[in-house]
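What follows is one structure encoded as structure tokens, with my remarks underneath.
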Amino acid sequence: MSKLNDDDEQSAAAVVAAVSLIFLDFDGVLVNRRSLTQASGIQSKADADCVATLNRITDATGAVIVVSSTWRRLGLRRIKELLKSWGVS
């Protein structure tokens, strides 16, 4: 294995610093007890306060959301539709 020189280390650090990720689970985070009083299952709605907090974080940091939830099995298109319908920007 080759050793990284100072330029390589700085380049790698810049890439890491440039990409902020949020690994997001839906259940218990966006879809919680409060929101489940409205609907459950695929009809679940996200908690508006949690969505607002998530939006503030992504707006402030430029972070990209990575869905780490069993909901990801719905597929990318449906997840994007759900997030949009919940108000996630």
Task: Lys/Arg-Asp/Glu bridge criterion (N-O < 4.0 Å) met for Glu81, Lys84 - done: no
TODO: List in chain and number order the residues that pass side-chain hydrogen bond (donor to acceptor under 3.5 Å, both in side chains) with Thr58, two or more places apart in sequence or in another chain; answer none if no residue qualifies.
DONE: none
- [ ] Determine yes or no for a side-chain-to-main-chain donor-acceptor pair under 3.5 angstrom, with Arg72 supplying the side chain and Ser69 the backbone.
- [x] yes
TODO: For the residue pair Asp47 and Trp86, confirm or rule out a side-chain donor-acceptor distance under 3.5 Å.
DONE: no
Open item on the list: Taking side-chain hydrogen bond (donor to acceptor under 3.5 Å, both in side chains) as the definition, give me every residue that meets it alongside Thr70, ordered by chain and number, with sequence neighbours left out.
Closed with: none
Task: Flag side-chain contact, heavy atom, 4.5 Å: Leu24 against Val66 - done: no
- [ ] Just jot down the side-chain contact (heavy atoms from CB on, under 4.5 Å) partners of Ile57, sequence neighbours excluded, or say none.
- [x] Ile22, Thr53, Thr61
Open item on the list: Checking side chain to side chain contact (heavy atoms under 4.5 Å, CB included) between Ser89 and each of Leu54, Asn55, Leu83, which is the one that passes?
Closed with: Asn55
- [ ] Check side-chain contact (heavy atoms from CB on, under 4.5 Å) between Ala52 and all other residues, then give those that pass, not counting sequence neighbours.
- [x] Arg56
TODO: List in chain and number order the residues that pass salt bridge (charged side-chain N to carboxylate O under 4.0 Å, His left out) with Arg73, two or more places apart in sequence or in another chain; answer none if no residue qualifies.
DONE: none
Open item on the list: Once salt bridge (charged side-chain N to carboxylate O under 4.0 Å, His left out) is applied, do any residues pair with Asp49, and if so which ones, sequence neighbours excluded?
Closed with: Arg34
TODO: Would you mind reporting whether Val64 and Val19 have side-chain heavy atoms less than 4.5 Å apart?
DONE: no
Task: Step-by-step side-chain contact (heavy atoms from CB on, under 4.5 Å) determination, Val67 to Phe26 - done: CA-CA 8 Å; Val67 176; Phe26 291 178; 4.1 Å; yes
